[in-house]
S.K.: 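Please read through the structure below; I'll follow up with questions.
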Amino acid sequence: MENFKEIINFIAAPQIMFTALLAVFFFIFPPTDWLYSINRKLGLHKLWTKGGGIFLLVVTLGFFIFGLTDENFRLIVTKADNVPIVGLLFLVIFLLWLCLFQAENNDKRIAEGKGPMEAEDAKEKVLVWPDLVYIELIALVIVSALTLIWAISLPAPLEGPANPTVSPNPSKAPWYFLGLQEMLVYFDPWIAGVLFPTVIIIGFMAIPFIDNNPKGSGYYTFKERKMAISIFLFLWLLLWLFLIMTGTFLRGPNWNFFGPFEYWDIHKVEVLTNINLSELVYMIWQNKALPDNIFIREMYGFAALGIYFGLLPLILAKTVFRKVYDSLGPFRYSVFIVLLLLAVSLPIKMFLRWGFNIKYIVAIPEFFLNI
Amino acid sequence: MSTPKPQTEQSTERRTFIKWFAIGWAAFAAIVGGYATLILRYLFPNVLFEPKQSFRAGATNEYALGEVSERFKDKHGVWIVRDQEKIYALATVCTHLGCTPNWFPNENKFKCPCHGSGFYTTGVNFEGPAPRPLERYKIALNDDGEIIIDKTKKFQQEKGEWSDPDSFLLV
Amino acid sequence: MLEKFKQTQFYRAIFRTGGAPIATHKQRILVTLNNVFLHLHPVRIPKHAVKIKYTWCMGGLSFFVFLVLTVTGILLMFYYRPTIEYAYGDVIDMKEQVPLGLMREIHRWNAHLMVITVWLHMFRVFMTGSYKPPREFNWMVGVVLLILTMLLSFTGYLLPWDQLAIWAITVGSNMAGATPMVGAAGPGSSLLAIGDVNFVHSASDARFVMLGGRFVGEGALLRFYVLHCIALPFVIMIFMIVHFWRIRKDGGISGPT
């Protein structure tokens, strides 16, 4: 049993967990026809059947119940402010299953020429009073009862009075911002705290104008909008929820990583010695001192950024995203690709950190400009 | 409309209309701009009721060689460090996001609880996400030989300000 | 008894439909049409729109939870003074000195719940492709509502004035200080200077506007309190009106055409 916990602790580390999830992600949620056919061959779509649903439930619930037997695990998941996140986790898994279950069903029906289930339902009209109003009333009563029970059984957290000179260890933002706080490990505050939130907002608002696929409006489907759903789930599940879960459950004192069954030891030492790209190029590869001129010092970083945001979109437009480019046109494609590349820069930076200890691609602390 | 006016009269009319139109819009823009400035400026009060920014920190011989003194951490947010040749005052504000790091004497480093930044006793960052070293405050002796620390003046290593004679005290 | 009451002038004065038993199709329609609250809804809707497996009910619940938060929030304001001196003690008293002191619990857990329901509503809207024409604008309004929800929750986080609160807000507000150009610790801010005079410093930047001070203190508590209790609820209500109105104008809940 202890060995099993050790293994879980080991693979829960973001380096391993994130890499593993990323490796299987696009097979489970295939964005292209080719990956879709592989998904079918491997039978991964069976996750979205009733049997698959039971499997997901047994695995997640089983892991959770098993975890509760461990003191460290219990301590972290029953912390008052963490309870909603546990709830969110189960809800998201269930709802993900629910929508993809219906999507699979609809895809099958559409292939048979029958149209989605919702279209069948929509033929019939019902009156708002009483049909909808009563459903709303029942939902309200259930939720009110639930929050009342929640409020009685779980006191709202209140720590010691505010003390500006002592930071609690660890200090965490409200849970819904922990994704951003986790990004702060890899990016400077102006990127993780200002640029990324802005880009997320703009990106979200741009979705209806970027996704110009007329199909799949008003019913669940996967096959008709593979690319859109795959990218969205990648952002929502891997780059947002996964980071929140990591930040909430697996970050302990000094923002060190702790496995779900690991004791939060304040004195755990983790080597975090990182270097900048300029230092790597000049001092380690070329064995020279850093040049004094900022632009010469950082030119490799600027070149990397230039290639990433300047050249790569052009290459992608000619290759992988050829169809996307053709349907979106130059302006919308530029918006789409810049947003996507910004999002993908997060995992890239994570891997650069884990693989090469890279801290900054461009480091100009003189002007607080670090990328 | 019924009787067409002579050409010249009509164009004068149009000119006056455009003139008033422009004046109207300019006035509107000025009012909106004025209010915006007013609101923005309103958000910055002239007087801040914040604690005093300088304090006395005792005599130099109260600090042992190689010691990181936490005496004024809680009250003023300052560590006073004495090394081989000088005394300096480090701000207890992490340069990453402003948390207060903790001093770990056994590991000989400052470690920030928020995101794991680590700093040497000099204040130079060596691990974690902090982009630059801790800031140092102005430190001087008054006429009575007491150390005065002035938190309004900061010295940043990356700007080469730590060589400024105000940023340390030779002992 | 009830039937008799329904025949009174008083009852009929309130309910425009009158007291007759609602049995016919026409009367059911009139219930919706004759009620200012119910008439947020259309009269007739396609059947898939009443299926929980399609709607997940998350949008409606978000609104309901918002109403609960408004009521409990107003009640909490009766016992709370937004100053450093009193805030923490008042929050303790809310539990210790008020009979059935559950109000803060209900408020806090509903606040968490609202963030969750708004996220899940967005998740559902994406998965059903409901942002597609003609609903693009309403999706954008929805994004604004999402931001406002998180801002409301964030500003409320400071008010108990405990360790959890000030450090979460310290970290959050320091990010604002890192805004390019207008934050004192953001890239480019040192470029906005003439000689030795910096225009953007810790008492004149984006973070200062938020906190009303150079650190999380008295000014920040008051500003967050006002934002949390008045400014942001006011703004979010305006956007909610637009959101609900556009749902109707865009043809009700999305569905296959």
Side-chain angles (χ1 to χ4, degrees), chain A residues 84 88 91 95 98-99 102 116 118-119 121-122 124-129 131-133 135-136 139-140 143 147 150-152 155-164 167-168 171-174 176-177 189-190 193-194 201 204-205 207-209 214 216-220 225 232 236 367-369, chain C residues 28 31-32 41-48 50 53-54 56-57 60-61 64 88 91 102 104-106 108-110 112-113 115-116 120 126-132 136 139-140 143 147 150 154 157 160-164 166-168 171-172 175 178-180 185-188 190 254-256:
Chain A
L88 175 70
L91 263 177
L95 292 173
L98 182 67
C99 63
Q102 295 179 78
E118 286 85 353
D121 284 336
E124 197 183 329
K125 298 270 195 265
V126 294
L127 289 173
V128 159
W129 198 96
D131 292 35
L132 178 63
V133 175
I135 289 174
E136 285 174 342
L140 302 193
V143 169
T147 47
W150 188 1
I152 292 169
L158 189 69
E159 290 184 3
N163 180 351
S167 301
S171 287
K172 293 190 178 185
Y176 37 85
F177 286 139
W190 76 273
V194 182
I201 294 165
F204 256 110
M205 290 195 174
I207 285 177
F209 306 98
S217 171
Y219 55 93
Y220 292 101
R225 33 196 304 248
F232 175 81
W236 158 238
F367 295 104
F368 304 129
L369 182 83
Chain C
R28 286 186 172 149
V31 170
T32 309
H41 296 296
V43 171
R44 278 147 45 87
I45 47 171
K47 196 174 171 202
H48 74 275
V50 295
K53 71 173 184 187
Y54 180 77
W56 304 358
C57 232
L61 283 181
F64 171 67
Y88 185 72
V91 170
L102 276 179
R104 191 170 88 88
E105 271 74 12
I106 298 175
R108 191 183 182 99
W109 300 135
N110 271 292
H112 283 337
L113 190 64
V115 175
I116 291 176
L120 293 179
F126 185 91
M127 294 309 281
T128 55
S130 304
Y131 54 83
K132 298 189 176 195
E136 305 102 308
W139 166 268
M140 293 165 77
V143 176
I147 300 158
M150 289 170 75
F154 183 66
Y157 215 80
W161 203 248
D162 63 340
Q163 280 288 71
L164 209 59
I166 66 156
W167 288 102
V171 171
M175 290 190 203
T179 317
S190 53
S254 65

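Remember, predicted model here, so these are calculated numbers, not experimental data. Labels below follow one simple rule: chain letters A, B, ... track the order of the sequence lines, proteins then strands, and each chain is numbered from 1.
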S.K.: Give a yes or no answer on whether the side chain of A/Trp150 reaches the backbone of C/Glu105 with a donor-acceptor pair at less than 3.5 Å.
M.R.: no

S.K.: CZ of C/Phe64 to CG of A/Leu140: how many Å apart, nearest 0.5 Å?
M.R.: 5.0 Å

S.K.: Measure C/Val31 against the heavy atoms of chain A and call it side chain, backbone, both or neither at under 4.5 Å.
M.R.: side chain

S.K.: With respect to chain A, which residue among C/Ala178, C/Pro256, C/Ser130, C/Gly172 yields the maximal number of heavy-atom pairs within a distance under 4.5 Å?
M.R.: C/Pro256

S.K.: Checking heavy atoms, do the side chain of A/Glu124, its backbone, both or neither come under 4.5 Å from chain C?
M.R.: both

S.K.: What part of A/Leu95 lies closer than 4.5 angstrom to a heavy atom of chain C: side chain, backbone, both or neither?
M.R.: both

S.K.: Report the distance from atom NZ of C/Lys47 to atom CG of A/Asp131, rounding to the nearest 0.5 Å.
M.R.: 9.0 Å

S.K.: Going by heavy atoms in the side chains, are A/Leu127 and C/Ile45 under 4.5 Å from each other?
M.R.: no

S.K.: Do you know which of A/Cys99, A/Gly160, A/Pro189, A/Ala119 has the most heavy-atom pairs with chain C at a distance under 4.5 angstrom?
M.R.: A/Gly160

S.K.: Sort A/Leu98 into side chain, backbone, both or neither according to what part of it lies under 4.5 angstrom from a heavy atom of chain C.
M.R.: side chain

S.K.: Using a cut-off of under 4.5 Å for heavy-atom pairs, which of A/Phe232, A/Phe209, A/Trp236 has the most such pairs with chain C?
M.R.: A/Phe232

S.K.: At a 4.5 Å cut-off on heavy atoms, which part of A/Leu91 comes close to chain C: side chain, backbone, both, or neither?
M.R.: side chain

S.K.: Quick check: closest heavy atoms across C/Arg44 and A/Lys125, and the distance to 0.1 Å?
M.R.: NH2-CG, 3.9 Å

S.K.: Return the option, out of C/Trp161, C/Trp167, C/Trp139, with the maximum number of heavy-atom pairs under 4.5 Å with chain A.
M.R.: C/Trp167

S.K.: Measure A/Val133 against the heavy atoms of chain C and call it side chain, backbone, both or neither at under 4.5 Å.
M.R.: side chain

S.K.: Name the option with the most non-hydrogen atom pairs under 4.5 Å to chain A; the candidates are C/Ile106, C/Val171, C/Leu113, C/Leu120.
M.R.: C/Leu120

S.K.: Looking at C/Tyr54 and A/Gly218, would you say the former's side chain and the latter's main chain have a donor-acceptor pair under 3.5 Å?
M.R.: yes

S.K.: Is the closest side-chain heavy-atom distance between A/Pro157 and C/Arg108 below 4.5 Å?
M.R.: yes

S.K.: Checking heavy atoms, do the side chain of A/Val128, its backbone, both or neither come under 4.5 Å from chain C?
M.R.: both

S.K.: Closest heavy-atom contact between C/Gln163 and A/Pro161?
M.R.: CG-O, 3.7 Å

S.K.: Can you name the nearest heavy-atom pair linking C/Trp109 to A/Pro155, along with the distance?
M.R.: CZ2-O, 3.7 Å

S.K.: Please classify the contact between C/Leu61 and chain A as side chain, backbone, both or neither, with a heavy-atom cut-off of under 4.5 Å.
M.R.: side chain

S.K.: Quick one: does any side-chain atom of C/Arg104 pair with a main-chain N or O of A/Ala156 as donor and acceptor, under 3.5 Å?
M.R.: yes

S.K.: Is the C/Phe154-A/Tyr176 ring centre distance short of 6.0 angstrom?
M.R.: no

S.K.: Just verifying a value: how many Å separate A/Glu159 CD and C/Tyr88 OH, rounded to the nearest 0.5 Å?
M.R.: 8.5 Å

S.K.: Contact part of A/Ser171 toward chain C, heavy-atom cut-off under 4.5 Å: side chain, backbone, both or neither?
M.R.: side chain

S.K.: Give the member of A/Leu369, A/Leu158, A/Leu132, A/Ile201 that has the highest number of heavy-atom pairs under 4.5 Å with chain C.
M.R.: A/Leu158

S.K.: With no hydrogens and no angle check, is any side-chain donor or acceptor of A/Arg225 less than 3.5 Å from a backbone partner on C/Met127?
M.R.: yes

S.K.: Which answer fits A/Gln102, side chain, backbone, both or neither, if we ask what part of it has an atom under 4.5 Å from a heavy atom of chain C?
M.R.: side chain

S.K.: Between A/Ala162, A/Gly216, A/Pro168, which has the largest tally of heavy atom pairs under 4.5 Å with chain C?
M.R.: A/Ala162

S.K.: Any non-hydrogen side-chain atom of A/Tyr219 less than 4.5 Å from a side-chain atom of C/Thr128?
M.R.: no

